[in-house]
Each structure stands twice: as C-alpha cells, then as structure tokens.
4 protein chains.
Amino acid sequence: MPSRKDIPSIVKNQRLVDQRRQQIIRAAVRAFHEKGYHRTTTREVAAAAGFSIGTLYEYIGSKEDILFLVCDAVYDDVTARWKELQQSDGTGLERLRQVMEAYFRSVDDLQDAVLVMYQETKSLSGDALAYVLEKETRMQQVFQQELAEAEKLGVIHLSEEARPLFAHQILVAGQMWTFRRWALSKHYSIDTYIRLQIDQLFYGLRVQDERKETCGS
Amino acid sequence: MPSRKDIPSIVKNQRLVDQRRQQIIRAAVRAFHEKGYHRTTTREVAAAAGFSIGTLYEYIGSKEDILFLVCDAVYDDVTARWKELQQSDGTGLERLRQVMEAYFRSVDDLQDAVLVMYQETKSLSGDALAYVLEKETRMQQVFQQELAEAEKLGVIHLSEEARPLFAHQILVAGQMWTFRRWALSKHYSIDTYIRLQIDQLFYGLRVQDERKETCGS
Amino acid sequence: MPSRKDIPSIVKNQRLVDQRRQQIIRAAVRAFHEKGYHRTTTREVAAAAGFSIGTLYEYIGSKEDILFLVCDAVYDDVTARWKELQQSDGTGLERLRQVMEAYFRSVDDLQDAVLVMYQETKSLSGDALAYVLEKETRMQQVFQQELAEAEKLGVIHLSEEARPLFAHQILVAGQMWTFRRWALSKHYSIDTYIRLQIDQLFYGLRVQDERKETCGS
Amino acid sequence: MPSRKDIPSIVKNQRLVDQRRQQIIRAAVRAFHEKGYHRTTTREVAAAAGFSIGTLYEYIGSKEDILFLVCDAVYDDVTARWKELQQSDGTGLERLRQVMEAYFRSVDDLQDAVLVMYQETKSLSGDALAYVLEKETRMQQVFQQELAEAEKLGVIHLSEEARPLFAHQILVAGQMWTFRRWALSKHYSIDTYIRLQIDQLFYGLRVQDERKETCGS
DNA sequence: CATGAATGAGACTTCATTCAT
DNA sequence: GATGAATGAAGTCTCATTCAT
C-alpha cells in the first residue's frame with residue numbers, strides 16, 4: 001500500500017496531471033536548491049516549470065504539496081532501484097553492499113531533491129510531517145531487514161539492540177552526501193565516497209578489538 | 001581566536017547585552033524548535049524572551065542574527081567541553097572515546113539548539129552561511145586531528161584518504177541524535193546511544209573481513 | 001529620448017499598467033498634498049487609488065517610485081505643451097512670452113503635483129535624486145535656449161553670464177506659484193499672476209537705470 | 001513682539017537651556033542637511049550634539065521642536081542684520097540694495113539651515129505650520145515696506161498690485177540660493193549671485209518696453 | 001484548461017518618546 | 001541634570017492563493 005499523499009488537482013486528465021507534476025518537481029527542485037523552500041515563491045516555481053501561477057494551482061492545492069511531490073519522487077526512485085535488485089541474485093555481504101550502493105546512487109542522482117526534502121521537510125505542519133516520517137521509517141526498515149538477513153546468514157555480527165541504529169546510520173550516510181556535499185565533494189567523487197562509506201560501515205576503525213579478539217587461544 | 005560574528009547591539013552595557021542575549025537564545029531555541037525558524041516571528045521570540053519587539057532589536061540587527069547567537073552558543077559549549085578534556089590525561093583509544101563522548105553529550109544537552117542550527121542554518125544567505133560552515137569545518141578538523149593522533153599511536157587503522165570522511169561521520173553521528181530523535185529516542189537513551197555509536201564507529205559490522213584476514217591459516 | 005525611469009511592474013499588460021499608474025498618480029498627488037510624502041502611507045495611496053495594497057505593489061517597486069510617477073507626469077505635461085507651441089509661429093518677445101506662459105499654465109493645472117514633486121523630491125536617495133535633477137536641468141536649458149534666441153534677435157539684453165540664472169529664475173517663478181500659493185492666492189488669480197510675473201521678469205523694477213541710460217544726451 | 005514658539009524644557013537653568021539649544025541647532029542643521037529631516041533620527045541629533053537621547057528631550061518636547069529651533073535661528077539672524085542696517089544711512093535705491101544684500105548674505109551664511117527650514121517646514125502639522133508661515137509673512141512685509149518707501153521716493157516704479165508679488169520674489173530669490181544651489185554654485189559665487197540677482201530684479205530683461213517708451217516724444 | 005490580475009494577512013524593522021536610575 | 005534601556009505603534013513590502021476571463 002504505497003500510501004500516496006492525496007494531492008488535489010482541478011484538472012481531470014490524469015495523463016496531463018502526471019506530466020505537469022513532473023515539470024513541477026523538476027522546477028521546484030532546481031529552485032529550492034538555489035534559494036531554499038521558504039525563499040522560493042510559488043510564482044518562481046511556476047515560471048521555472050514553464051507555466052503561469054494559475055496553472056500551477058490547477059495541479060497542486062498548496063505550496064506544501066510541492067514538497068510532497070518532491071519527496072515522493074525521491075522515494076519512488078530508491079524503491080524502483082531496489083525492486084530491480086530483487087531480481088539480481090546477490091546474497092550475504094554482497095547483497096548488503098548492493099542495497100546500500102543502490103541507495104547511495106539514487107541519492108547522488110537526485111541529490112538536489114534529496115537535499116531539499118531533507119532540509120525543508122521537517123518544518124512542515126503535523127499532518128504533512130507524519131507522512132514524510134512514515135516514508136523515512138519505511139526505508140529505514142528495509143535496511144533493518146537486510147541487516148537481520150545478513151545476521152542470520154552469519155556474515156555480520158550486529159546485536160539486535162544496535163540494529164535499528166545501524167539502519168539509521170546507513171540512511172544518514174546517504175543523506176550526508178547531499179547535506180555535507182559542500183565539504184565532501186572537495187575530497188571525494190561519488191564512487192570513492194560509496195567505497196569508503198561501505199568500508200567504514202563494515203569495518204569501522206579496525207580497532208584492535210579489546211573485547212572479542214583474538215583468533216587463537 | 002574564535003572568530004565571533006559581530007552582531008550589532010544598540011545597548012552599550014556589555015553585561016546586559018550578554019544577559020539579554022542568553023534570554024534571546026533560550027527563547028529562540030524553544031520557539032524555533034516548535035515551529036521552525038521561518039514560521040517563528042520575531043515578535044514571538046521577543047515575547048518568549050520576556051520583552052518587547054523593540055527591545056529585541058536593541059540586541060540584534062536582524063532575524064538572522066538570532067540564528068548566529070544560537071550557533072555560537074552551540075559551538076561554544078562543545079569547545080568548552082573539549083577544553084576541559086585537555087587537562088584530562090586520556091590517550092590513544094581512550095582519548096578518542098572521550099572527545100567523541102564530550103561532543104555527543106554537548107549535542108544532547110543542547111539538542112534543541114543543535115537541531116535548530118542544523119536545519120535552519122543552511123538556508124542562510126552567502127555571508128551568513130560562510131560563517132557557519134567555517135565553524136563546522138573547524139569542528140570537523142578537531143576530529144580529524146584526533147584521528148591522526150590515534151593513527152600515529154597505532155591504535156586505529158584509518159587510511160589518510162578516509163580520514164576526512166570519518167571526521168564528518170562523527171560529526172553527523174552527533175547531529176543525528178537531534179534530527180532523527182523522533183525515531184532514535186524510541187529505542188535508545190542518550191547513554192545507550194553514545195555507547196552504540198562509539199562501538200559502531202570503532203568496529204563497524206564486525207564483518208568477517210575478506211581482505212586483511214585472517215589469524216590462522 | 002526622454003530618459004524614463006524604469007519602474008518595475010509585475011503586471012505585463014501595458015495598457016493596464018498605464019491606466020493603473022494614472023490612478024496611482026492622481027491618488028498620490030492628492031494624498032501627498034494633504035499630508036506630505038513622508039506622512040502618507042502606501043496603504044493610504046492604495047486606498048485612495050481604489051485598490052488594495054497588494055495591487056499597488058504590482059505596479060510599483062517601492063514607495064519612491066510613486067514620486068517618480070508624479071515627476072514624470074509633471075514633466076510630460078510641460079513638455080507636451082511646449083511641443084504644441086513648436087507649431088505656433090510666435091517669434092521674439094512673443095515667443096518668449098508664450099513659452100513662459102505655457103509653463104506657468106502647466107504648473108497651475110498640476111499645482112498639487114508640482115508642489116509635491118517640488119517639496120519631497122529633494123530628500124530622495126542618490127540615484128533617485130539624480131534622475132529628478134536631470135529633468136529639472138533639462139527644463140532650465142529650454143529656457144536658456146529661448147533666452148539665447150531672443151538675445152540673438154536683439155529683443156532682450158541679457159549678458160551671457162546672467163543667462164543661466166535667469167533661466168532658473170523663470171523656473172522658480174513657476175514653482176513659486178505652488179509653494180507660496182498660501183500667500184499668493186490671496187492677492188492674485190493665475191491670470192494676474194502670469195501677467196505680473198512676465199512683466200516683472202521683463203522689466204524688473206523700472207529702475208531709472210544709473211548705468212546704461214539714457215535716451216538723449 | 002517676537003512671537004517665540006514656546007518650546008518646553010524640563011531644565012530650569014535658562015543659561016544652560018540656551019547653550020544646549022545652540023548645540024542642538026548646530027547638530028540638527030548638519031544632520032538634516034545630510035539626510036533630510038524625516039530620515040534623521042532624534043538619536044542622531046542627540047549624538048551629533050554630543051549628549052544622550054535622554055538629555056535631548058530635556059530641552060525639547062518633540063522632534064518638531066528641533067525644526068522650530070532651526071527656524072527661529074534663521075529668522076533671528078536675518079532680523080539682526082536688518083537691525084544693524086537701521087543705523088546705516090542708506091536711502092532710496094541704495095537702501096533697497098542694502099536690505100536685499102543683508103538678506104542674501106544671511107541666507108548664504110546659514111544656507112544649510114535655510115534649506116532645511118525651507119524643505120521640511122511645509123509638511124508640518126497645522127499649529128506648527130502657522131507659526132512658520134507667520135514668520136515668513138513678516139519677512140515678506142519688510143520687503144514690501146521697503147518697496148513702498150522706494151516707490152514713494154520715486155526711485156522705482158512698481159504698481160501697488162505688483163508690490164506683494166515682488167516682495168515674495170525677493171524672498172524666493174534668497175531661498176533659491178539654497179534649494180537650487182546644486183545648479184547655481186556651478187556658475188556663480190555668492191558675490192556674483194547677489195550682484196546678478198539684484199541687477200535682474202531691478203532691470204529685468206532690459207526689454208525694449210513696448211508700452212511706456214520712450215524718453216522723448 | 002490556461003492565464004494573470006487582485007487580494008490582504010502578516011512579516012520584519014524603525015524610531016520617537018518615556019522614565020527609572 | 002544626565003543617561004540609556006525599554007517600549008510598541010506604525011510603516012513598507014511580500015507572497016500564497018483565488019477567480020473572472
């Protein structure tokens with residue numbers, strides 16, 4: 001049940017609605033990225049989308065709806081990539097790696113949208129916020145399940161207590177790429193970033209573990 | 001030389017300025033946390049601080065300045081805690097643990113302020129943004145140095161390439177506690193969170209490392 | 001090329017823009033005349049013009065722009081009257097008289113606007129002020145040329161040194177009618193005023209000229 | 001009866017009041033000249049005068065009062081100069097010349113104050129305005145009397161009808177020097193200006209008078 | 001379906017004035 | 001008599017949203 005927020009549209013022709021909304025998303029992401037959600041006017045979004053303010057409001061009910069459109073676009077992209085993965089045959093650690101990379105790639109492709117979604121979304125009002133958080137939670141749960149799977153297979157060792165945190169960690173590691181991009185992109189390409197992040201998540205600091213250690217004896 | 005943004009104040013008495021600004025920070029954090037920076041009016045901040053709108057503007061030059069006040073308060077707190085640590089005699093892994101924990105505790109104590117700073121800060125205008133990013137960078141570099149130190153002592157193994165990323169990772173791990181608090185606080189207390197985060201950052205997923213491996217054989 | 005200040009308008013329809021701006025000018029002149037520019041609020045101008053404050057700002061960029069609108073209206077009127085004169089066939093003293101009278105009549109017709117322009121204009125900020133002064137200068141030069149022409153024809157005797165001053169004098173003689181109207185209108189009708197002013201400008205005090213003199217001898 | 005506007009002062013010591021008010025006038029003239037009356041804050045005047053805002057209000061009742069102080073200073077100066085003239089023994093045309101020159105010199109000396117008075121004064125509220133206009137009227141009447149005197153002596157020929165206008169003309173000729181200074185000072189020094197103005201007022205354009213003409217016959 | 005002019009609540013900020021110290 | 005912190009009314013301008021064409 002892909003719980004899609006019901007955004008009112010005066011226009012009936014669904015094909016047209018979808019097309020126009022794609023335009024809106026593209027325009028909004030660009031504009032929000034440059035000036036932030038609050039500093040961007042609906043007029044600017046309309047203009048960037050190539051139609052008039054009146055037309056914009058034929059396809060949305062309020063400015064907040066534009067944010068939803070952007071959010072859904074982001075989630076849909078990640079979900080789609082994961083669905084493709086379903087058919088691939090990775091398992092164990094490899095599977096984990098693939099799921100993470102798919103997510104990171106998605107974030108990179110939609111970086112502006114993710115950033116916008118990420119920064120502006122939290123200041124929404126109750127109803128709206130709940131919807132977004134629920135989507136976030138769903139993604140976090142996907143990672144949590146994958147971790148549980150890997151644990152079951154014995155390829156990782158992650159206490160049940162730590163598992164939710166780790167799922168969040170992965171999620172945030174992806175978002176980081178957008179909201180710390182001003183610093184990260186000085187050091188890393190997306191490929192390097194993905195490699196290092198996965199490495200770091202897997203192995204940490206390679207501390208001489210005082211506890212479990214060590215092999216023999 | 002802690003590069004303090006120069007916020008204009010009409011009032012001369014510095015003692016009073018400091019006191020009033022503390023009130024402003026407290027009020028602003030509370031208000032921004034509830035409604036977000038953009039949705040909070042300056043009047044509301046003034047009211048929450050216990051004085052009139054006119055008085056508020058005797059101590060700041062513009063609404064943005066309030067954000068700076070909040071930022072500085074946050075950075076000052078972390079810095080102060082680190083300074084205390086200076087005199088403690090931790091070394092190696094223990095030292096690293098202490099620096100991280102001090103930061104995490106600071107974030108927890110000022111969680112609302114950190115969240116506000118974190119979410120609203122990025123949508124500032126050029127000049128203002130630069131100031132905040134510079135502060136962020138300085139913190140990241142503190143972690144980077146600590147990591148370099150630990151590396152030199154041989155207690156961790158972190159490639160030079162990965163070091164900046166890891167420093168960011170620690171920083172974000174702290175901020176996470178505020179901006180994903182809606183989810184994290186369901187599972188963890190701050191103590192647990194700190195323990196698990198440090199553990200995770202140190203050891204990752206305890207993957208059976210395919211590469212370096214492995215003891216016997 | 002009558003260097004028209006570019007006042008931004010959100011509305012595109014030029015026909016409408018012109019019409020609304022006429023309304024604004026009329027309303028502004030009335031309001032400014034009663035309370036002065038600074039004491040009149042934009043809201044009052046909007047109300048007097050018959051639309052909302054929001055609509056007002058669809059046709060101007062700032063309060064100052066209203067003053068420009070008024071100025072242009074005044075200059076345009078005078079210029080238009082002079083253009084009509086072009087085709088008339090006055091020459092010599094008659095021509096001079098006509099140019100001056102046309103100007104005086106214009107001032108009288110738009111007296112409120114002229115007064116407003118006259119009193120409020122000087123306290124504008126750099127850029128804005130320059131624009132108005134340039135227009136004033138242009139008018140002064142028109143008189144200067146007319147005087148030069150008359151001089152060449154030998155119908156007046158005005159040293160080259162005194163010519164710019166005299167042009168200013170005429171200009172001010174017109175403005176006087178608005179800014180000393182509180183006193184002048186007690187004594188004179190506009191017709192009388194014009195007659196006396198021209199007479200005074202032409203003949204001065206009919207002093208027994210001590211210098212040039214005199215007829216015989 | 002020099003009808004002095006009663007400006008309230010909390011301070012009783014009259015000597016101190018006078019001294020402080022001199023400071024206020026000087027500071028106000030400078031400030032108003034630079035930024036205009038409305039754009040200048042009372043704080044700025046106080047600062048320029050060398051004391052605090054609180055102290056300023058010990059010597060005036062409201063911002064408007066500062067304008068009165070300036071006005072009175074101007075009128076007092078002119079009046080003082082005329083009083084000196086009383087004792088000189090000029091008569092006829094020479095006397096007229098002296099009265100005008102005294103006025104022009106006064107205007108030049110206090111040019112900033114005159115300009116301020118001139119531009120800002122008209123937008124005052126009823127009561128205040130009346131006071132200033134009355135002062136203006138009194139000055140105009142001085143000129144009118146002088147003209148009547150000269151007429152009686154037969155040194156000028158000015159119809160009774162034209163006399164009030166001419167008195168205004170002289171007054172405005174003085175004020176011109178301040179409010180068209182931006183243009184006039186390019187061409188003339190104050191000495192030249194005075195010479196040319198008097199000449200112009202006396203002789204006009206030296207038109208070949210079509211009417212009265214001419215000496216003989 | 002598209003347009004864009006109109007609306008007006010509400011935001012930030014200024015500044016004349018007061019009054020306790 | 002001097003100070004300057006506090007006040008809050010009021011001003012300019014923005015912008016999400018509507019609706020007649």
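In what follows, chains are A, B, ... by sequence order, proteins preceding strands, each numbered from 1. Bear in mind the structure is a predicted one, so any value in this text is a computation, not a measurement.
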Could you pick out which residue, B/Tyr59 or D/Asn13, lies toward the 5' side of DNA chain F when each is mapped onto its nearest nucleotide? D/Asn13
Between C/Asp72 and C/Tyr131, does any side-chain donor sit less than 3.5 Å from a side-chain acceptor? yes
Anything under 30° is parallel, anything over 60° is perpendicular, the rest tilted; go ahead and classify C/Tyr37 against C/Phe32. perpendicular
Give the rounded distance in Å between these two atoms: CD of D/Gln19 and P of F/dG1. 12 Å
Return no unless some side-chain N or O of A/Arg20 is found under 4.0 Å from OP1 or OP2 of E/dA2. yes
When all nucleic acid strands are considered with a 4.0 Å heavy-atom cut-off, which category describes C/Leu16: base, sugar-phosphate, or nothing? sugar-phosphate
From CZ of A/Arg15 across to C1' of E/dC1 the rounded distance in Å is 17 Å
I want to check a possible cation-pi pair here: A/Lys63 against A/Tyr57, using under 6.0 Å from ring centre and within 45° of the ring axis as the test. no
Once you apply a heavy-atom cut-off of 4.0 Å, does B/Thr41 come out as touching a base, just sugar-phosphate, or nothing? sugar-phosphate
Applying the Watson-Crick and G-U wobble criteria at under 3.5 Å, what pairs with E/dC12? Answer none if nothing qualifies. F/dG11
CZ of A/Arg43 versus C1' of E/dA5: gap in Å, rounded? 9 Å
Of the candidate nucleotides F/dA16, F/dA5, F/dT7, which contains the atom at the shortest distance from the side chain of B/Phe51? F/dT7
Applying the side chain to side chain donor-acceptor pair (under 3.5 Å) test to C/Asp18, which of C/Arg15, C/Gln14, C/Arg20, C/Gln22 qualifies? C/Gln14
Take the protein atom NE2 of A/His38 and the nucleotide atom P of F/dT14, then report the distance between them rounded to whole Å. 18 Å
With sugar-phosphate meaning primed atoms plus P, OP1 and OP2, does A/Ser9 contact a base, only sugar-phosphate, or nothing at under 4.0 Å between heavy atoms? nothing
Mind calculating the distance between CG (C/Leu56) and P (F/dG11) to the nearest angstrom? 15 Å
Counting just side-chain N and O atoms, does C/Thr55 come under 4.0 Å of either OP1 or OP2 of E/dA5? no
Return whichever of A/Glu58 or A/Ile53 has its heavy-atom-nearest nucleotide of DNA chain E closer to the 5' end. A/Glu58
Students often mix this up, so state it plainly: with edges at 30° and 60°, are the rings of A/Phe179 and B/Phe179 parallel, tilted or perpendicular? perpendicular
Rounded to whole angstrom units, what separation is found between the NZ atom of B/Lys63 and the P atom of E/dA11? 9 Å
What is the distance, to the nearest angstrom, from the CD atom on C/Gln14 to the P atom on E/dG4? 15 Å
Protein-nucleotide distance (A/Tyr57, atom OH; E/dT7, atom P), rounded to Å: 18 Å
Hey, does C/Ser52 reach any base, or is it just sugar-phosphate, or nothing, if we go heavy atoms under 4.0 Å? base
Under 3.5 Å for both donor-acceptor distances, Watson-Crick or wobble: does E/dT21 have a partner, and if so which one? F/dA2
